[in-house]
Amino acid sequence: AAYGGDSAQTLTTPGGAPIHATTTIAEAHAQWSWRGLELRVLGARAEVDDVAAINRALGFTGAASVGEELGGYYVELGYDLLTLLAEGGEQSLTPFVRWESYDTQAAVPAGFAADPSNNVDILTVGLAWQPFSQGIVKLDFQNHKNGAGTATDQFNVALGYIF
């Protein structure tokens, strides 16, 4: 998928001229399933033009800059344990592991600094149970680390339903 458009909205320079900041976003993803094994990958990248003008209009300085380049990806691997009992059933019970990495300030304009806390890596280990094809219950543990050296852990519980 791809997107291109003006992201400055109604921002103007100190002289009142409109800022034109073209934003370009590209994303690719794939999913593969075979005999209970599931693999998902996703990568995304974005570029924003005239970020220095946006930062000035918003009063940003130092590491508070909007990113000129942003990017990230994830890779997830899981295995539906219920395929061992009966392949093709409506239910699934899938332990999974996911590695993701993103940086919302992969590049910033000259005169600004990237905040290392925006460069994030996350390891997720979890279990997803689908009692029927439109519903899911997920439990997972995440370990977050960023470029500033901060590490945090969290547990998540989610309930989902597709109408």
**Q.** Parallel, tilted or perpendicular: ring planes of Trp32 versus Trp34, cut at 30 and 60 degrees
**A.**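 Parallel, since the angle between the ring planes stays under 30°.
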Q. Is there side-chain contact between Trp99 and Asp121, with heavy atoms separated by less than 4.5 Å?
A.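 Sidechains of Asp121 and Trp99: in contact.
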Q. Would a 4.5 Å heavy-atom cut-off, applied to side chains only, mark Phe112 and Asn55 as touching?
A.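 In contact.
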Within the 3.5 Å criterion, strictly below it, is a donor on [X] or [Y] matched to an acceptor on the partner's side chain?
X      : Y      : answer
Gln142 : Thr124 : yes
Trp129 : Gln91  : yes
Ser117 : Asn146 : no
Gln31  : His29  : no
Gln105 : Asn118 : yes

Q. Under 3.5 Å, is there a donor-acceptor pair between the side chain of Ser7 and the main chain of Ala21?
A.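 Here the side-chain-to-backbone pair exists.
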Q: Please check if the side chain of Glu38 supplies one atom and the backbone of Gly78 the other of a donor-acceptor pair under 3.5 Å.
A: no
If you measure from [atom1] on [X] to [atom2] on [Y], what distance do you get to the nearest 0.5 Å?
X      : Y      : atom1 : atom2 : result
Lys145 : Ile122 : NZ    : CD1   : 12.0 Å
Leu127 : Asp140 : CG    : CG    : 10.0 Å
Asn143 : Thr152 : CG    : OG1   : 7.5 Å
His20  : Ile54  : NE2   : CD1   : 11.5 Å

Q | Stepwise side chain to side chain contact (heavy atoms under 4.5 Å, CB included) test for Leu93 and Tyr79 | A | CA-CA 8 Å; Leu93 183 63; Tyr79 183 76; over 6 Å; no
Q) Run the side chain to side chain contact (heavy atoms under 4.5 Å, CB included) check on Val97 and Leu123 step by step: do they pass? A) CA-CA 7 Å; Val97 62; Leu123 174 64; 3.8 Å; yes
Q) Val120 and Tyr74: same hydrophobic cluster, using ILVMFWY side-chain contacts below 4.5 Å? A) no
